[in-house]
Amino acid sequence: MVAHLLRLKLTLLRNGLRRSPWQLVGLAFGGLYALGIVGMCLVLLVLLRQEDPGLAQTVVVLGGSVALLGWGIVPVVASAVDMTLDPARFTTSAVPMPQLLAGLALGGLIGLPGLATLLVALGTVVTWSRSVLPAVGALTGALLGVLTCVVFSRVVTTATASLASSRRFKDVSGIAFLVPLVLLGPITAGIFQGTAGSGVFLSGLADRISWTPLGAAWSLGGDLERGQAGAAGLKLLIAVATLAGLSWCWKLLLERALVTPPYAGSSRRKGGRLGLFALLPGTPAGAITARALTYWFRDPRYSGSLVVIPLLPVVLAFQGSQTNDYGVLMITGPLTAFLLAWSISGDVSYDNTAFALHLAAGVRGVHDRLGRALACLAFALPTVLVLAIVPFFITGDWAWGPSILGISVGVLLTGLGLSSVVSARYTIAVPLPGDSPFKKPPGNVGQTLAVQFGGMGVLLVLVLPEAGLVLAQVLTGDLLFGWINLAVGPVLGAALFIVGVRVGGRWLDARGPELLAQVTVNR
Amino acid sequence: MSTPLTALSIRGLAKRFGTKIAVDGISLDVPAGSFFGIVGPNGAGKTTTLSMATGLLRPDFGTAVVHGVDVWAQPLEAKKLMGILPDGVRLFDRLSGEQLVTYAGLLRGMDRAVVAARVGELLAALDLGQDAGTLVVDYSAGMTKKIALASALIHAPKVLVLDEPFESVDPVSAANIRDILERYVATGGTVIVSSHVMDLVQRMCDHVAVIAGGRILAAGTVDQVRAGASLEERFVQLVGGRSQTEGLEWLRTF
């Protein structure tokens, strides 16, 4: 039965890849990324073999504990747990519980995160292969640890399943998860700075964690190497008890979950609140603007990108504080303009088949394009203006003000025009409506990459005049170029915006049904 | 070819997906003021045909004409005449029910005051008044179907094309929807519904077409098509594919 479940998982994986060769490309990219990280970890673990056992022990225990915590936390906040072997689907098959648990746990190892964790954990065997006993201890610990990771993640996801199936929780947690992700650089640098001088503290911490369920399994090799057989024995007990306890919890939770499907209740609300639809003009373009703006705030796939924007200057300011050169802050404006303008380049892909309403209602293409672009412009323009000007209060280098302002507005308007054309013709792989912004989107990865990079290339060409003027100011130091840019950016941008909306509208009129057929593939 | 009395006239519509021919040359005339049912087994090509007839899917061959307006030559004019409830498409479900129907009205260029009045009446008629402010994403399957139907009705079209309108709708709401549609037909509107609930079609529709394998097997008034038998019996007879009732003896050996 266990082998059967594993075979099922492999078959599902293979059939998923067979649907399109591009899925394979996507997996290959993910695999390369994972391989890079795994490779780095493995090199580190091999190098640790020559180091002081105390240091090696600290690194292995802390790393293992972080991995275990990660397995517990990430699937919940990212609501991206792999549900190909969703226990709910086995409710009617009457699989005996022990076999089901074993099959699901081992099945959890098939896939990139599972394989990566397993490989790195086995790497610790190399670290401790200084003699036989520690190596055996490390191997035991690694296997116990990896299994604990998988079971722990299942316990957490099963326990929070009813919470996680509520739409509101999914919306909020997905966005909340973005914040630490974007700030990853500053946070890790901060941790390194804070702990670089406190190796004693870390080794003390590792020592204490090794006595908890978090780190017990990872410390077996190190303890045996240092001749602390008694401690190792106790920790083995702790590790085994942890795995057993977690498995028991999982079994209980799963038994309950299988007979009580998650309840996603919601309150009823009476009408009378049309929101933006009452405020904006009652025309097709006005209604589309209202709809798109509502989505910017209500759909986590859109609002996720809104959360990133205010963090951008923080990351750049951090970069500046490292080198004591805050000049890098000046790119905040153009960069924000680019990110916001480009964010609607997949607008129809985000609609998915809901786009059928536009098609069925016979919306003119130009209204469709204009409505979406104006919605983005409505909040992007003030945001970009503020983020383009604020850095100068920090740097005080106002000579660059006009030029940066010009290129920011130019990039925003040009980008919106280009996005209007791109999304009228090409679909890209995006998370489906209702999915977490982190979920791996279904569909054609290759086309997505081609469209994204091709579009960005075209955008670069279109903003060459503004970029050239900035360059001219850099070379000559003449403020005049800045003032010219302040005029050229908005004027040229506005012209390209209008052209983009009209061309995009014409393409949409001509190829609306084909566009719907393209998004229908990924529903 | 199509007289003014023909609401929808389809000629030789065909569509191929890859190697599979989904619709294989369908011609059909839907008289104005009729309640027209399209029935067929799963995968018969009902949805594909209706999508091509309403301008959502470009046909490989053939034409569709709505009240004298060619759907594919003058799409914007044709779509003004039609209210469409497609099957299996998403809605803009992060809007509240009321916002969604308002959106559908405004997209068609209707006046805001008219839209507001009609939205209230439609939601009340479809028992959605209590949930007007709830987001559509939190609706049940039946409520979602009803709100999509409201979006198709808002502009008072001359022809209604409804793909599986009663799927997962509760019996009370289904009866209400039937009342609405029957009154609509009585005042001269045309309704085209696809369904695989034969009883419903026999009771509700005056005309019917049976589709299977991308072709029309029979079309006409319900009485003509069923030829004395019940529609279900006739349908099974036309479509075939009833498996032998022998075999499965072990099922009786418990």
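Order of the sequence lines fixes the chain letters, A, B, ..., with proteins taken first and strands second; residue numbering starts at 1 for each chain. In what follows, every heavy atom counts, from backbone to side chain, and hydrogens, waters and symmetry copies are set aside.
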Can you tell me which portion of B:Leu95 sits under 4.5 Å from chain A's heavy atoms? Options are side chain, backbone, both or neither. both
Just verifying a value: how many Å separate A:Arg291 CZ and B:Leu106 CG, rounded to the nearest 0.5 Å? 13.0 Å
When the 4.5 angstrom heavy-atom criterion is applied to A:Leu515 and chain B, the contacting part is neither
Could you walk me through whether A:Phe297 and B:Arg94 pass the side chain to side chain contact (heavy atoms under 4.5 Å, CB included) check? CA-CA 10 Å; A:Phe297 296 107; B:Arg94 298 270 159 169; over 6 Å; no
Side chain / backbone / both / neither for A:Thr294 at chain B, heavy atoms under 4.5 Å: side chain
Between B:Ile84, B:Leu56, B:Leu91, which has the largest tally of heavy atom pairs under 4.5 Å with chain A? B:Leu56
Classify the ring geometry of B:Phe92 against A:Tyr295: parallel below 30°, tilted from 30° to 60°, perpendicular beyond 60°. perpendicular
Between B:Thr54 and chain A, which part of the residue has a heavy atom less than 4.5 Å away: side chain, backbone, both or neither? neither
Compare all side-chain heavy atoms of B:Leu135 with those of A:Arg298 and state whether any distance is below 4.5 angstrom. yes
Go through the steps to decide whether A:Phe355 and B:Val89 satisfy the test side chain to side chain contact (heavy atoms under 4.5 Å, CB included), and finish with yes or no. CA-CA 9 Å; A:Phe355 177 66; B:Val89 306; over 6 Å; no
Within this structure, what is the CG-CZ distance for the pair A:Leu432 and B:Arg90, rounded to the nearest 0.5 Å? 5.0 Å
Does A:Arg511 have more than 12 heavy atoms from other residues, nucleotides or ligands lying within 6.0 Å of its CZ? yes
Is it the backbone or the side chain of A:Leu516 that comes under 4.5 Å from a heavy atom of chain B, or both, or neither? side chain
Looking at B:Arg58 and A:Pro513, would you say the former's side chain and the latter's main chain have a donor-acceptor pair under 3.5 Å? no
Does atom CZ of B:Phe61 have more than 12 heavy-atom neighbours, drawn from other residues, nucleotides or ligands, at distances under 6.0 Å? no
CZ/A:Arg502: more than 12 non-hydrogen atoms of other groups inside 6.0 Å: no
Assert top hit (heavy-atom pairs under 4.5 Å, partner chain B, pool A:Leu276, A:Ile288, A:Thr283) equals A:Ile288
Residue part contacting chain A, namely of B:Asp111, when any heavy atom lies under 4.5 Å: neither
Short side-chain to backbone donor-acceptor contact, B:Arg112 and A:Phe277, under 3.5 Å: yes
Hey, which of B:Val119, B:Leu76, B:Leu107 has the most heavy atom pairs under 4.5 Å with chain A? B:Leu107
Can you tell me if B:Glu121 has over 12 outside heavy atoms packed within less than 6.0 Å of its CD? no
I would like to know whether B:Gln99 and A:Leu274 meet side chain to side chain contact (heavy atoms under 4.5 Å, CB included); could you show each step before the answer? CA-CA 6 Å; B:Gln99 281 178 327; A:Leu274 281 175; 4.2 Å; yes
How many angstroms lie between CG in B:Leu100 and CG in A:Leu357, if you round to the nearest 0.5 Å? 6.5 Å
